[in-house]
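Shown next, in structure tokens, is the structure this report addresses.
Just so we're on the same page: letters track the sequence lines, and every chain starts at 1.
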Number of protein chains: 2
Amino acid sequence: MESRIDRIKKQLHSQSYKLTPQREATVRVLLENEEDHLSAEDVYLLVKEKAPEIGLATVYRTLELLTELKVVDKINFGDGVSRYDLRTEGADHFHHHLVCIECGAVDEIQEDLLGDVEKVVEEGWNFKIKDHRLTFHGICHRCHPKDHKESEGSEE
Amino acid sequence: MESRIDRIKKQLHSQSYKLTPQREATVRVLLENEEDHLSAEDVYLLVKEKAPEIGLATVYRTLELLTELKVVDKINFGDGVSRYDLRTEGADHFHHHLVCIECGAVDEIQEDLLGDVEKVVEEGWNFKIKDHRLTFHGICHRCHPKDHKESEGSEE
DNA sequence: CTATTTTTTTATAATAAGTTTAAATCGTTA
DNA sequence: TAACGATTTAAACTTATTATAAAAAAATAG
Ligand SMILES: [Mn+2]
Ligand SMILES: [Mn+2]
Ligand SMILES: [Zn+2]
Ligand SMILES: [Zn+2]
């Protein structure tokens, strides 16, 4: 658990950036809220609890830096704000999202699922895929009483 | 070509909205730029050419209305603006996008491709899918000289 | 047709997310 | 210690989008 920070620290150093106290506090907040999809403002408020003197601009700069380093992914669910999602270590694809239009919950799909589709796209459209964003909008299992088969697959 | 407007007009009327001159001008701009992914500002500038007295707020309101009516889809490619994309008439799924990280071009994939994936998600995650957003980021066929097989599938 | 009500638009002000700037701080090196 | 580069802070600024109030247009009633 501590080594995760260390690895991020090394990643920063490898690009000659430092892990300042402010950056560390920000990364810790992200690690401690890995399940969530926090906006910059959300992160700011949480970071302030451990480092009350930090400025919002620093949080923005840190998140931007972490995005460049591919430590986090910046996503947008269509409400007016960007959200920051820790990239699963070692995963070679970005996970997918299920956004519930009833309750607003955002669940994650860690399974790839897109392998075949990407092959078709790369060949059919002669497009070299580097990344993807896949979001489904619909009604989550909590919001419709349908047939509740015991959940397969991982989720939230 | 004219009937497309008429059908949108009917859709508006069915919800007791009117196709005002400003709304009509806005819809026409969208129809005439179906290939593009215009921001509200882009639409505003184009609409001004045919209806110079229109206000930006009206364009925003019209686009919001058309989004509600599912005439357009509001999308976000991660630059700070929302873009509006005419929904292909009769298509039961929203098309996908290929964003080139070299030249910025945005190409479209009209093919569904996601049928199997959606089945897996609906069953595995007990999630009732209503809509989706799929975007691939990578290098478009114009930006890498690789093997240029004569294009299959439709694009841009 | 006029008067009245409802819808829509305009112009402008207000918000809110995100970025930039200049001065202060911190860590390191000469 | 002096000097330098990187970073942060606080505040000003920019830009996209929304809200408000008054004017205009359209629909409805008498
Ligand atoms: Mn996520
Ligand atoms: Mn499109
Ligand atoms: Zn739900
Ligand atoms: Zn390209």
Side-chain angles (χ1 to χ4, degrees), chain A residues 8-30 37-69 71-85, chain B residues 8-9 11-29 37-69 71-85:
Chain A
I8 291 171
K9 187 173 183 174
K10 277 197 194 104
Q11 243 184 302
L12 283 163
H13 285 160
S14 78
Q15 313 266 285
S16 56
Y17 291 113
K18 304 169 208 160
L19 185 61
T20 64
Q22 292 88 341
R23 284 175 184 165
E24 177 165 350
T26 304
V27 171
R28 279 189 195 284
V29 162
L30 291 171
H37 298 91
L38 303 174
S39 67
E41 182 83 24
D42 293 338
V43 174
Y44 173 62
L45 293 174
L46 289 166
V47 173
K48 282 206 97 162
E49 291 174 11
K50 29 185 76 168
E53 75 293 349
I54 202 172
L56 178 56
T58 300
V59 171
Y60 269 106
R61 259 183 276 105
T62 301
L63 290 171
E64 186 185 7
L65 180 58
L66 294 172
T67 303
E68 266 173 38
L69 295 177
V71 171
V72 301
D73 275 299
K74 189 175 180 178
I75 50 180
N76 195 296
F77 292 132
D79 54 345
V81 296
S82 293
R83 297 179 179 278
Y84 297 85
D85 207 355
Chain B
I8 292 170
K9 187 171 182 176
Q11 243 184 301
L12 282 162
H13 285 161
S14 78
Q15 314 265 285
S16 57
Y17 291 113
K18 304 165 211 161
L19 185 62
T20 64
Q22 292 88 340
R23 286 175 183 164
E24 178 166 349
T26 304
V27 171
R28 280 189 194 281
V29 162
H37 297 91
L38 303 174
S39 67
E41 182 82 25
D42 293 337
V43 174
Y44 172 62
L45 292 174
L46 289 166
V47 172
K48 283 206 98 162
E49 292 173 11
K50 30 185 74 165
E53 74 295 349
I54 202 172
L56 178 56
T58 300
V59 171
Y60 269 104
R61 258 181 279 107
T62 302
L63 290 171
E64 186 185 9
L65 179 58
L66 293 173
T67 303
E68 265 173 39
L69 295 178
V71 171
V72 301
D73 275 300
K74 188 176 180 177
I75 51 181
N76 194 298
F77 291 130
D79 53 344
V81 296
S82 292
R83 296 179 178 280
Y84 298 84
D85 208 354

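Contact annotation for A:Glu53: backbone-only contact, meaning every heavy-atom pair under 4.0 Å involves sugar-phosphate atoms and none involves a base. As judged by a 4.0 angstrom heavy-atom cut-off over every strand, A:Ser39 is placed among residues making no nucleic acid contact. Across all strands shown, A:Leu56 has no heavy atoms under 4.0 Å from either base or sugar-phosphate atoms.
One atom, CG of B:Asn76, and another, P of C:dG18, lie 10 Å apart when rounded to the nearest Å. Distance CG (A:Leu63) to P (C:dT19): 10 Å, rounded to an integer number of Å. In this entry the distance linking CG of B:Leu19 with C1' of C:dT8 reads 13 Å, nearest Å. Here C:dA16 presents its C1' atom at 9 Å from CD of A:Glu41, a figure rounded to the nearest Å. Atom pair A:Tyr84:OH and C:dA17:C1' shows a separation of 10 Å (rounding to whole Å applied). Between the NZ atom of A:Lys48 and the C1' atom of D:dA10 there is a distance of 11 Å, given to the nearest Å. Here the C1' atom of nucleotide C:dT28 and the NE2 atom of A:His13 are 13 Å apart, to the nearest Å. Following rounding to the nearest Å, B:Tyr17 (OH) and C:dT9 (C1') show an atom-to-atom distance of 15 Å.
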Any protein N or O atoms within reach of nucleotides 20-27 of chain C? Criterion: under 3.5 Å, listing atom names and distances.
none

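Checking C:dA17, C:dT9, D:dT8 against every side-chain atom of B:Thr58, the shortest atom distance belongs to C:dT9. Picking from C:dT8, C:dT10, D:dT8 the nucleotide with the shortest atom distance to the side chain of B:Gln22 gives C:dT10. If you check D:dT17, C:dG18, C:dT8 against the side chain of B:Tyr60, the one that comes closest is D:dT17.
Listed by first then second residue, pairs satisfying side-chain hydrogen bond (donor to acceptor under 3.5 Å, both in side chains) with a partner in residues 50-63 of chain B read B:Glu32-B:Lys50, not counting sequence neighbours.
Contact check, B:Thr20 against C:dT7: no side-chain N or O comes under 4.0 Å of OP1 or OP2. For C:dG18, one of the phosphate oxygens OP1 or OP2 lies less than 4.0 angstrom from a side-chain nitrogen or oxygen of A:Ser82.
Looking only at distances, no side-chain donor or acceptor of A:Gln11 sits under 3.5 Å from a matching main-chain atom of A:Val71.
Taking the nucleotide of DNA chain D with the nearest heavy atom to each of B:Pro21 and B:Glu64, the more 5' of the two is matched to B:Glu64.
With values rounded to the nearest 0.5 angstrom, A:Ile8 atom CD1 is found 7.0 Å from A:Leu66 atom CG. Separating the CG atom in A:Asp42 from the NE2 atom in A:His37 is a distance of 12.0 Å, to the nearest 0.5 Å.
The shortest distance between side-chain heavy atoms of B:Val29 and B:Glu49 does not fall below 4.5 Å. Between A:Leu12 and A:Lys18 there is no side-chain heavy-atom pair separated by less than 4.5 Å. In this structure, the side chains of A:Leu30 and A:Leu63 come closer than 4.5 Å at one or more pairs of heavy atoms.
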